[in-house]
Each structure stands twice: as C-alpha cells, then as structure tokens.
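Every chain is numbered from 1, with letters handed out A, B, ... down the list of sequences.
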There are 2 protein chains.
Amino acid sequence: MNPSKFIVSVDSVIFGYCAGTIYTPLYNRGRSKADPFPGHWSLAGGPLRPNESLEDACRRKLEEDLKLKVEYLEQLYTFGDPKRDPRNRSISIAYFALIKLSEEKIENDDTQMKVHWFPISQLPKSDWAFDHRQIVATAIERLKAKVTYEPIGFNLLDTEFSIPQLQNLYEAILERDLDRRNFAKKIHSFDLLIPTRTIRAGRGRPSQLYKFDTKQYKRLQKEGLLFEV
Amino acid sequence: MNPSKFIVSVDSVIFGYCAGTIYTPLYNRGRSKADPFPGHWSLAGGPLRPNESLEDACRRKLEEDLKLKVEYLEQLYTFGDPKRDPRNRSISIAYFALIKLSEEKIENDDTQMKVHWFPISQLPKSDWAFDHRQIVATAIERLKAKVTYEPIGFNLLDTEFSIPQLQNLYEAILERDLDRRNFAKKIHSFDLLIPTRTIRAGRGRPSQLYKFDTKQYKRLQKEGLLFEV
DNA sequence: ACAAAAGTGTTCACCTTACACCCATGA
DNA sequence: TCATGGGTGTAAGGTGAACACTTTTGT
C-alpha cells in the first residue's frame, strides 16, 4: 500500500515596520472563475518544488513576487486541516518573515501588484482566502511573544538606529507604552549595541545611533544570556 | 502546470515520567532490505491519510502502535529537508505528546513490540533513522522551555499528586535541583491546585494530594495569568 | 527517640517601576 | 529663549534566592 501524496505549499506572513506602524502585505486575488476565493485576501506563498527546502521555497516566493530581501525567517506552524482548501487536500507550512520596509515599498506595491500593505491593527475584517486569517493571527501572536525574549526587532529597523526608534518599534509591536528611561536602561544592560558615533539631527537633541552586535549576541547566547524586554 | 505532490507523515515524540526519570519510546526498525535504516531507532509515526487532520493522524498512530492514550498533544515543527529520506522526498510534521506512564508499560513494550523506552538523558548515541535524532532534540528543548511557562507538567503525573512529586518531575525535566520551600510557595501562589483531602503514607510525614484545576486555569489564562516556574 | 520526609515562615539582595532633572538642538 | 526630543540617575516596592524550624510518620 503506497502512501497518499499531498499538495504542499509554503505561505509567509511578512512583517515590516515604518513610521510607528507594523505592516503586513496581502494579495488581492484575481476574479477568475477558477479561483475558490475570488477577490479575497491571501498570503505570499505557493507550492513547494520537488527539490527545494521549505525555507528556500519561502525565500524564492518572496523574491519572485515581492522583490523582498528577507532579514529574518522562521517556521511558524503547519496548517493541514482537510477542509482548508475547498478544491483539494493541501498542507501549508507557514513561515514568519521580518524585513526592512520603506515608504515607497508600501505605496508602490499597492498600485502595481495587487498587493496591499495593511497595518496589523487594521486588517480586513472579512474576505480572507483559505485559513489565512488564522495564519496571520498566529504570526502576530508569535511576533508579540518572541520580540520580548529574543532580539528579533532589529531586523525591522535600519542597520543604524537610535534607542528611541527602537522603543517606538517595541511600542508598536506590543501595543503599549514603555517608559523611556527604563527601556534605555534595559537595552543598555545587555551590552549588545555598538555606538556608530554618527549623530543624526531631528527636532530636539540629536540621538546616538547604534548597530546591533550580532557576533556578541551569539557569543552571549551560548552562555545563556536572557534577553527580555 | 500542476503542483508537485509529496509524501506527508506525522511523527510523534512522546514523553512519559516514571520514578524520577523522563522517558521517550523509540522503535527499533526491522532488518528488511527495503528499509533505508535497518535496525535504526525511529519515532512513532507514519503517513498521513487523505481525509484525516494532522492531529488525528498522530492520535491514530499512537493508539494503533503503542496503545497509548495521549494527555497532551501539540505540533512541534515540520521537517522537510529534501534529503531527509534517502528514498524519496517526504515532509514530516512532528508532534510533541505527553502521557501518563506506568512501570509495566516501560518493561512490556520492550519485549513485545521492538519498542524501547529511553531515559532522555541516555538516548542512543548513533543509529538514528532519518532526522529523528534532531526531532527528538527539538522536542526536548521544547519540553524544557514550555514546562517553565505553561502548566503542562501535570499531564505527566497521576490525576492526584503531591507537591514533592511535582517538584521531582520538574527537577527531572529541567535537570537541576529546586528549593523545596520556594517551589511550594510558587506553585501555591497560582491557586490552581485543589486538595483532594487524601493522605498517602510513605516513609516520613504523609503528603497532601492535589489535583490540577483545569477550569480555573482556563479562566485565569484569559485574564492573562502568567504561570512561571 | 530518632531518622526521614512534608509543611511553613523570614530575611536579604536584586530587579522592576515610577518618577525628575539636565542636555542639545531648531525655530 | 522656548519648545522639543534625547540622555541619565534615584528612591520605593515587589519578587526570587537562601535559609531554619516544626510536624508527622515508620522503625
């Protein structure tokens, strides 16, 4: 008795940060009759190829469809409910991606590719394809949880960033205000930021820029550092 | 262009607790020539059926092969490396299961079914089938991490248990000693144990037995309880 | 009465939290 | 010189770690 075979896809939930808001892109599906969810919102993703790894498939799709360079990619969860695709049984391995996002990206995608970048607090209330709403919800949960105990937030910011910028990012993700002084103290206590000596002018006092010390982090991680915001 | 189809399996890493030790069962594969890993150790698992959910497939396999009633089941990770099965491309969705284990189980399985229950600190050093060693390693990591922030340990104990028994379980999982007084204080602070009035005699003073208050936990969970050992 | 195991209480150090002040720039 | 935003310090409260004593049983 040979085992059954299944359609296997990868789908990615992508998060980008811009001007105080976390965005995620969704495709507006075409209106073709063949589509089980015409005009509905769906994730970036597609069928796995016979000889590529799951992660390679994700990166390929994100590169092909959205011209995105992914900073961080991790497996989220596998969705395999027999009824998730009305046409045929399919398994979707969902991934969770973080990118550095620019304003142009948010706007251009909108017109050219039927892609719309939604603030995660203003996602569509209905018209989701498949179980993609649930996948996005799972990803947002993961983002909120993980950002508090692993330094993944840096992947959403420019290589150089200030402490207040970092704080704004955390506030956007966690959806609550943080105390400036305590936040800075905490971040500095990990000793994972390298001052880049650069100073950038804004309105008030210029802020010190830093870059994240990846090597140092990996070193400390082995010794059991606990990063916790 | 039709999407490719893949063999999809579920594999479960099962944990049971008995007399101060965490055990996990492994199959010793037959010596048939068809087997790519003759005589190697592998997990409980097998191909997914066309119309069953991933979780149902796990429960079915555990019931069929090990006659086990699972107390707790959660998805662990999906392994899909193109080279993980030398015969053909396959995707394995790994699950993580907790059961209530008895001494007879550990011994009987050994003789009858080519199943051997290994203490997780004394797993085979070699002769693992597929990527199952990595899957087990991932599961052990998950167990250690999760037990500290979610009350899953109770699924490994009898319905009625004492605080010292619970502590021994935690010490076995975390592989370090815990202070009796602080542990009891912590556990009681959650207010999730119902004394069953039963008293059990051992050597010294008899200990109070409790059962875990699942309903209360679900209630508190919604209000954002944080269980942390 | 003594050993063994269970149950409870107290102290101290540290970390988190709340909060106030000073500094450097643009307008 | 005033408003705006960035940077640092400090005191109070709560939590976790270390630790000692009492209780109840079997031998």
Practice task
Tell me, please, which residues at least two apart from B:Tyr23 pass side chain to side chain contact (heavy atoms under 4.5 Å, CB included).
Solution key: B:Cys18, B:Thr21, B:Leu101, B:Ile106, B:Trp117, B:Pro119
Handout entry: Test salt bridge (Lys or Arg N to Asp or Glu O under 4.0 Å) applied to A:Asp131 - qualifying residues, sequence neighbours left out
Key = A:Arg84
Exercise for the section: Please collect all side chain to side chain donor-acceptor pair (under 3.5 Å) contacts where either partner lies in residues 145-169 of chain B, sequence neighbours excluded, each pair once. Expected result: B:Glu74-B:Lys146, B:Glu160-B:Thr196, B:Gln167-B:Glu171
Problem - Contacts of type salt bridge (Lys or Arg N to Asp or Glu O under 4.0 Å), residue A:Lys211, not counting sequence neighbours - result: none
Completion exercise
Nt span of DNA chain C in reach of chain B heavy atoms at under 4.0 Å, 5' end first, is C:dA4 to C:dT10
Problem - Qualifying residues under side chain to side chain contact (heavy atoms under 4.5 Å, CB included), relative to A:Ala97, sequence neighbours excluded - result: A:Ile14, A:Leu62, A:Val70, A:Leu73
Exercise for the section: List in chain and number order the residues that pass side chain to side chain contact (heavy atoms under 4.5 Å, CB included) with A:Arg133, two or more places apart in sequence or in another chain; answer none if no residue qualifies. Expected result: A:Trp128
For residues 219-229 of chain B, tabulate all N or O donor-acceptor pairs below 3.5 Å that involve a side-chain atom, not counting sequence neighbours.
from, atom 1, to, atom 2, distance (Å)
B:Arg219, NH1, B:Gln216, OE1, 2.5
B:Gln221, NE2, B:Tyr217, OH, 3.2

Handout entry: Set of salt bridge (Lys or Arg N to Asp or Glu O under 4.0 Å) partners for A:Lys125, sequence neighbours left out
Key = none
Handout entry: For DNA chain D, the residues among residues 164-185 of chain A that have a non-hydrogen atom under 4.0 Å from it
Key = A:Pro164, A:Arg180, A:Arg181, A:Lys185
Problem - Listed partners of B:Ala129 passing side chain to side chain contact (heavy atoms under 4.5 Å, CB included), at least two apart - result: B:Arg29, B:Phe37, B:His40, B:Ser42
Please produce a list of atom pairs where a protein N or O lies less than 3.5 Å from an N or O of nucleotides 23-27 of chain D.
from, atom 1, to, atom 2, distance (Å)
D:dT23, O2, B:Arg205, NH1, 3.3
D:dT24, O2, B:Arg205, N, 3.3
D:dG26, O4', B:Arg203, O, 3.1

